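This report refers to the structure that appears directly beneath it.
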Amino acid sequence: MERPRFLKCAPMLFVMYCVFAMSFLAIEATTNITTDQSSLLALKAHITNDPHNLLANNWTSSTSVCNWVGITCDSQNSRVVALNLNSMSLTGTVPPHIGNLSFLVQLRLRNNSFHGSLPIELGQLRRLEILHLGLNSFQGEIPSWLGSLPKLQNLSLFINNFTGSIPPSLGNITTLRNLKLWNNNLQGNIPEEIGNLINLEIFDLYGNQQISGTIPPHIGNLSFLVQLRLGINSFHGSLPVELVHLCRLEVLQLGYNSFQGEIPSWLGSLPKLQMLYLHVNTFTGSIPPSLGNITTLRILQLWNNNIQGNIPEEIGNLINLETFNLYGNQHISGPIPSTIFNISKLEYIELEMNRLSGPIPSTIGLAFNLKGLWLWENELNGIIPDSISNASQLTILELQSNSFSGPIPTTTNDLFSGNLRNLRVLKLFSNQLTAESSTQELMNFISSLANCKILRVLSLSNNPLSSTLPVSIGNLSTTLREFRAIGCKIKGSIPHEVGNLSNLTTLNLGNNELTGSVPTAIGKMRMLQVLSLAGNKLQGSIPNEVCHLRNLGDLYLSGNKLSGPIPACLGDITSLQKLYLDSNSFNSTIPASLWSIKDILRLNLSTNSLNGHLPLDIGKLRVVYEIDLSGNELSGDIPSSIGDTNLLGEENLSAKKECILSILQVAVECTVEMPENRLDIANVLGALKNIKTKFEKSLART
Ligand SMILES: *[C@@H]1O[C@H](CO)[C@@H](O)[C@H](O)[C@H]1NC(C)=O
Ligand SMILES: *[C@@H]1O[C@H](CO)[C@@H](O)[C@H](O)[C@H]1NC(C)=O
Ligand SMILES: *[C@@H]1O[C@H](CO)[C@@H](O)[C@H](O)[C@H]1NC(C)=O
Ligand SMILES: *[C@@H]1O[C@H](CO)[C@@H](O)[C@H](O)[C@H]1NC(C)=O
Ligand SMILES: *[C@@H]1O[C@H](CO)[C@@H](O)[C@H](O)[C@H]1NC(C)=O
Ligand SMILES: *[C@@H]1O[C@H](CO)[C@@H](O)[C@H](O)[C@H]1NC(C)=O
Ligand SMILES: *[C@@H]1O[C@H](CO)[C@@H](O)[C@H](O)[C@H]1NC(C)=O
Ligand SMILES: *[C@@H]1O[C@H](CO)[C@@H](O)[C@H](O)[C@H]1NC(C)=O
Ligand SMILES: *[C@@H]1O[C@H](CO)[C@@H](O)[C@H](O)[C@H]1NC(C)=O
Ligand SMILES: *[C@@H]1O[C@H](CO)[C@@H](O)[C@H](O)[C@H]1NC(C)=O
Ligand SMILES: *[C@@H]1O[C@H](CO)[C@@H](O)[C@H](O)[C@H]1NC(C)=O
Ligand SMILES: *[C@@H]1O[C@H](CO)[C@@H](O)[C@H](O)[C@H]1NC(C)=O
């Protein structure tokens, strides 16, 4: 059995510790296995909830403590050396008696609901090497007496509610390998003394929010450090050059702080770095080419900083890179280096929201493992290279808001043909892409996309496609949820086959040049929540099948040449919140059924040829933000029931009547707030004032 090592206490540094330790010598001399048993029974008595009765039926005086669950004794069964109650769903506190377990080497209470503070008596556990208290609700300060545990190697206090600052005394525990304090409520600076922990391998302060100050240069002395995690805190200042000595560092996590200055080029000489997280800070300057030296690097996160300049070619040397993220630096410019796609392990590239220009390098065909490519909001141009079809693992491709041009590929230059079977999200909107000029059809593009069996989102909006929709649109995967092609100069009629897209929730073909009628097959898209065909040249009446869309929330058919009656069955779509039928040629009376739509927020029927009286039961509308019936041929008096309506409520009745009056007689926009919410009457009055202005203006016009 090990003897107490008090004779080793010669150095001045440990004098205090010796005095402290010797005061417990007497206790240790008098303890034995019976003390251990009573200490553990004291712990049991402090457990207030043991839902699985793990201790209740097991920790009994009738059996030896060495047979108790969670207890390990030494080889002679003479003393308890380990207490492990991990993940037992226990609630309770740690009594001071635990300090009597004088031979304890490991104390593990991880993942329970222990609370309260740590009793000072734990400082008597001279032999303790492992103290794991993570995932509990311990509170109070991290005790400075921990610094007097001479053999402690692993100290895990993560995910608790410890407050206060990190005690400098921890710097005394030179045996410490592992210091995990993440996700607590600690604040203050990192004490310089941490630099004394020459055996430290993991130093983790992640997610404390308020630990502040700069990184002390002394951290650079920790030559065994493998992980340094300071993310989600309030650090500032630049990175001290002394960190260059951390030649075993694999993880440097500094994200979500206020670090500043340039990204130091010496990072390039950390020979084992695998993960470098510098995101969400205020780093400036450019990306040092030396980063290309860290061939061990797997994750490079530099997003949301103020970095500018080009992406260095040397990044292409990072043969182990899996994730590369420069998102939202605003000022990173120049071309995407062709060498990047030569990295065969690359899975995710996020370069969106920068000022990159030039084309996508054709080397993208070498990125066999690429799963996500985000390039949106840059100044990229040129064609989308054919070779992208080699990137067969691609799941998310977001190229929107750039200046890409040329035809959307077809079978002859088979961009998306066949290979991109894993594509889930394809966003090409706001570019200069066209349809293949010879056919004037999106045919081949759409046909090849039918191979993407898990496609969920397809957005082509704001491209000058100037083409027609092929019937093969019906072959797109039923997994498709969103299809948007707004403002694409799409001509011709809407194919009936669109009805096959049975899981579509959003279909937006607004602001095109579509002709013909609204296909009855639209009624088959039962999951549809948003349907917009506004701003086209559609004719005929609204087919009653539209009323089958019982999940529809928004229906936009404004600005077409639709005519005939407004189908009364629209009133059956109880989910409808927005109904825009304005600027058409509907010529019926307003069907009374519309007033029974429970949740309608906005109703715009303006600029049609609607006639007749305003239905008396307008007051049935429960929730309304906007009604616009202007530009019709409505007539009639204010319905006498109007004073009873929810629409009006009690307050300011006369002002609101004026508003309703304006609907009926002058027919301008009327905005009424939700009466249930009791919104500030000033808002209502503001809206009414607006109406009055409009009212006066429209009088002036006539
Ligand atoms: C431990 O650390 C503290 C603070 O750094 C120091 O004052 C003390 O002398 C050290 N020694 C012992 C044995 O606690
Ligand atoms: C207590 O639990 C241990 C470990 O599960 C088991 O070996 C022992 O038999 C149990 N003792 C009693 C009295 O249930
Ligand atoms: C924590 O303990 C619970 C209950 O025993 C268990 O289900 C869960 O997996 C544990 N979680 C961790 C992170 O160990
Ligand atoms: C164990 O510790 C408690 C509290 O620290 C103390 O009151 C008690 O005397 C100790 N028992 C033994 C047997 O040493
Ligand atoms: C203590 O921490 C080190 C370094 O992280 C680790 O390798 C070791 O397995 C840990 N020891 C125990 C007993 O948990
Ligand atoms: C942590 O401590 C704070 C302050 O004492 C308290 O408001 C909060 O509820 C505690 N959180 C947990 C999870 O115990
Ligand atoms: C640790 O680092 C500090 C600051 O970089 C330095 O002054 C000190 O001499 C170093 N200590 C040891 C023991 O290397
Ligand atoms: C690291 O990279 C820089 C710039 O790319 C280069 O000049 C230097 O020689 C490299 N250093 C090492 C040690 O490879
Ligand atoms: C791509 O990498 C290979 C070796 O992995 C190399 O031979 C080739 O020159 C590289 N190409 C580019 C464009 O960097
Ligand atoms: C596409 O992949 C094949 C190997 O499957 C390769 O031979 C070809 O060069 C790649 N194309 C491009 C343009 O990178
Ligand atoms: C799509 O809708 C069909 C019914 O039309 C349904 O059977 C299927 O589970 C849905 N598929 C997905 C991926 O949501
Ligand atoms: C509505 O318009 C259609 C065609 O424009 C016409 O046939 C019909 O008679 C009109 N109905 C009414 C009530 O004006």
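Note that the structure is predicted; figures quoted are calculated from it, not measured. Both ligands and their constituent atoms are indexed starting at 1 by order of listing. The chain is numbered in sequence order, starting from 1. Just so you know, these numbers use all the heavy atoms, side chains as well, and skip hydrogens, waters and symmetry mates.
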Subject >> No-hydrogen, no-angle side-chain donor-acceptor test under 3.5 Å, T35 and N32 >> reply: yes
Original post:
Would the W182 and F158 ring centres measure less than 6.0 Å apart?
Top reply: yes
Subject >> Protein contact to atom 4 (C) of ligand 5 [nearest heavy atom, distance to 0.1 Å] >> reply: E201 OE1, 3.2 Å
Subject >> Any N or O of T60 closer than 3.5 Å to N or O of ligand 2 >> reply: no
Subject >> Donor-acceptor contact present, side-chain N257 to main-chain F259, <3.5 Å >> reply: no
Original post:
In terms of atom number and element, which parts of ligand 5 are under 4.0 angstrom from non-hydrogen atoms of I202?
Top reply: 5 (O)
**OP:** Look at E129 together with K151 and state whether they make a salt bridge at an N to O cut-off of under 4.0 Å.
**Re:** no
Subject >> Option nearest atom 1 (C) of ligand 2 (shortest heavy-atom distance, choices N58, T63, L54) >> reply: N58
**OP:** Mind running side chain to side chain contact (heavy atoms under 4.5 Å, CB included) on L85 and L43 for me, showing each step along the way?
**Re:** CA-CA 11 Å; L85 302 182; L43 174 61; 3.9 Å; yes
**OP:** Find out whether F162 and N208 are in side-chain contact, i.e. whether some heavy atom of one side chain is under 4.5 Å from a heavy atom of the other.
**Re:** no
Original post:
Any protein heavy atom lying closer than 4.0 Å to atom 12 (C) of ligand 12?
Top reply: yes
Original post:
Which protein non-hydrogen atom lies closest to atom 7 (O) of ligand 2, naming both residue and atom, and how far is it?
Top reply: N67 O, 4.4 Å
**OP:** Would you mind listing which atoms of ligand 5 come within a distance below 4.0 Å of any non-hydrogen atom of I130?
**Re:** 11 (N), 12 (C), 13 (C)
**OP:** Would you indicate which of N57, V69, L55 comes nearest to atom 5 (O) of ligand 2 when only heavy atoms are counted?
**Re:** V69
Subject >> atom 9 (O) of ligand 12 protein-contacted (non-hydrogen atom, under 4.0 angstrom) >> reply: no
Original post:
Backbone or side chain, does any N or O of N154 fall under 3.5 Å from an N or O of ligand 5?
Top reply: yes
Original post:
At a 4.0 Å cut-off, with the gap strictly under it, does some heavy atom of Q153 reach an atom of ligand 5?
Top reply: no
Original post:
So, N587 and S609: side-chain donor and acceptor under 3.5 Å apart, yes or no?
Top reply: no
**OP:** Mark up the atoms of ligand 5 that fall under 4.0 Å of a heavy atom belonging to R177, in ascending order.
**Re:** 3 (C), 7 (O)
Original post:
Are a donor atom and an acceptor atom from the side chains of D582 and S558 found within less than 3.5 Å of each other?
Top reply: yes
Subject >> For atom 14 (O) of ligand 12, the protein heavy atom that lies nearest, with its residue and separation >> reply: N587 ND2, 3.2 Å
**OP:** Would you check if the side chain of N632 reaches a backbone N or O of N608 as a donor-acceptor pair within less than 3.5 Å?
**Re:** yes
Original post:
Can you find a non-hydrogen atom of Q227 under 4.0 Å from ligand 5?
Top reply: no
**OP:** Please check if the distance between the ring centroids of F138 and H115 is under 6.0 Å.
**Re:** no
Original post:
Which of the numbered atoms in ligand 5 are below 4.0 angstrom from a heavy atom of N178?
Top reply: 1 (C), 2 (O), 3 (C), 4 (C), 5 (O)
